[in-house]
Amino acid sequence: MREEAGWDMEKVPEWIDASLAGERPTWVAELGGETVGMVSLELVDRDPEVANGNDVAAVTSLSVLSSAARRGIGRALTVFAEEQARARGVHVLTLNTRPTNAAALALYRGLGYRRWKQQERSWGLAVFLRKTLGPAART
């Protein structure tokens, strides 16, 4: 998935270690037994406005294989990450994408995220969005 998305493949082992240590929980989506999507929750970032290890966290590594696109998987993974963040006491969730990724920007706006800044990242210019999380849904 990361290769298809054009992301830093050399960082994968570090991210797997962080996920296993509970520092960067990661979840996958499956269709018919095949992994088709993933999302992570970054609890700490070098920029505390993005994730501060307390009440601000970031949705990261949201990816869906092109063969599974347009089925609501990206939306479902984002909503799931929001639920996981709430359960960890997160009040503000952030995320970022390329300014040219119109599909991602539309998805995030539709889920209530609002643009708040642009910043250079290791992979280029990022548009940052954030959302204040409401209380967890009661079942």
Side-chain angles (χ1 to χ4, degrees):
M1 260 182 282
R2 296 196 67 79
E3 188 173 16
E4 182 177 300
W7 293 343
D8 303 325
M9 292 300 296
E10 69 278 359
K11 292 184 179 179
V12 171
E14 174 187 332
W15 288 333
I16 290 171
D17 289 345
S19 184
L20 293 173
E23 299 165 0
R24 187 178 198 271
T26 301
W27 302 275
V28 297
E30 293 182 349
L31 281 178
E34 177 189 357
T35 300
V36 296
M38 67 178 281
V39 68
S40 294
L41 193 60
E42 192 80 30
L43 303 175
V44 178
D45 187 85
R46 61 184 165 91
D47 178 352
E49 286 186 314
V50 173
N52 66 10
N54 185 18
D55 64 340
V56 179
V59 174
T60 62
S61 300
L62 177 63
S63 180
V64 176
L65 291 177
S66 58
S67 61
R70 312 292 306 163
R71 296 184 192 183
I73 296 167
R75 184 182 197 290
L77 283 167
T78 305
V79 170
F80 181 82
E82 290 176 3
E83 293 166 359
Q84 296 300 310
R86 274 189 201 92
R88 288 168 168 76
V90 172
H91 298 290
V92 176
L93 205 51
T94 69
L95 48 79
N96 67 73
T97 191
R98 296 181 192 282
T100 56
N101 192 339
L105 289 168
L107 167 69
Y108 301 142
R109 278 192 299 268
L111 288 170
Y113 289 84
R114 297 296 170 248
R115 188 177 182 145
W116 114 85
K117 69 178 182 176
Q118 285 191 169
Q119 186 178 51
E120 284 292 330
R121 287 301 211 170
S122 62
W123 44 265
L125 184 63
V127 173
F128 285 81
L129 300 98
R130 65 180 163 196
K131 175 181 182 176
T132 300
L133 298 177
R138 300 201 179 205
T139 56

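A quick note: this is a predicted structure, and the numbers were derived from the prediction, not measured.
- Separating the OG1 atom in T97 from the CZ atom in R121 is a distance of 12.5 Å, to the nearest 0.5 Å.
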Checklist line | Stepwise side-chain contact (heavy atoms from CB on, under 4.5 Å) check, R88 with L41 | finding: CA-CA 11 Å; R88 288 168 168 76; L41 193 60; 4.0 Å; yes
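- Side-chain contact between K117 and D47: present, with at least one pair of heavy atoms (C-beta onward) separated by less than 4.5 Å.
- When all heavy atoms are compared, the tightest approach of T60 to E42 is CG2-CB, 3.7 Å.
- With R98 contributing its side chain and V127 its backbone, the two residues share no donor-acceptor pair below 3.5 Å.
- Taking OG of S66 as the reference point, atom CZ of R70 lies at 13.0 Å (rounded to 0.5 Å).
- For the pair V28 and L77, the tightest heavy-atom approach, listed with the atom from each and the gap, is C-CD2, 4.4 Å.
- Counting heavy atoms from C-beta on, the side chains of L107 and Y113 never come closer than 4.5 Å.
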Checklist line | Verdict with supporting geometry, L31 and I73, side-chain contact (heavy atoms from CB on, under 4.5 Å) | finding: CA-CA 10 Å; L31 281 178; I73 296 167; 3.7 Å; yes
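- Within the 4.5 Å cutoff, the side chain of R115 has no heavy atoms near those of the R109 side chain.
- Side-chain atoms of D45 never come within 3.5 Å of backbone atoms of P48 as a donor-acceptor pair (strictly under, hydrogens ignored).
- Cluster annotation: L93 and W116 are assigned to distinct hydrophobic clusters (Ile/Leu/Val/Met/Phe/Trp/Tyr, side-chain heavy-atom contacts under 4.5 Å, transitive).
- E82 has its side chain within reach of K131: a pair of non-hydrogen atoms, C-beta onward, lies under 4.5 Å apart.
- Put simply, CG on L129 and CG on L105 are 6.0 Å apart, with the number rounded to the nearest 0.5 Å.
- Scanning both residues, V56 and V50, for their nearest heavy atoms gives CG1-O, 3.5 Å.
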Next item on the list: Report the C-alpha distance between M38 and T26 in whole Å, list the side-chain angles of each, state the deciding distance to 0.1 Å, and finish with yes or no for side-chain contact (heavy atoms from CB on, under 4.5 Å).
Entry: CA-CA 7 Å; M38 67 178 281; T26 301; 4.0 Å; yes
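- Put simply, the side chain of R24 does not reach to within 4.5 Å of the side chain of L43, judged on heavy atoms.
- Annotation: side chain of Q119 is in contact with side chain of F128 (closest heavy-atom distance under 4.5 Å).
- A donor-acceptor pair under 3.5 Å is absent between the side-chain atoms of T94 and the main chain of V92, judged by distance alone.
- Residue L62 is not grouped with residue L125 when hydrophobic side chains (ILVMFWY) are merged at heavy-atom distances under 4.5 angstrom, including chains of intermediate members.
- Of all the heavy atoms in R86 and G134, the pair that sits closest is NE-O, 2.8 Å.
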Next item on the list: List the steps, then state whether side-chain contact (heavy atoms from CB on, under 4.5 Å) holds for Y108 with R75.
Entry: CA-CA 8 Å; Y108 301 142; R75 184 182 197 290; over 6 Å; no
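- Taking each heavy atom of A81 and V39 in turn, the nearest pair found is CB-CG2, 4.2 Å.
- When all heavy atoms of S40 and S61 are compared, the pair lying nearest together is OG-CB, 3.9 Å.
- By the 4.5 Å heavy-atom criterion applied to side chains, H91 and N54 are not counted as neighbours.
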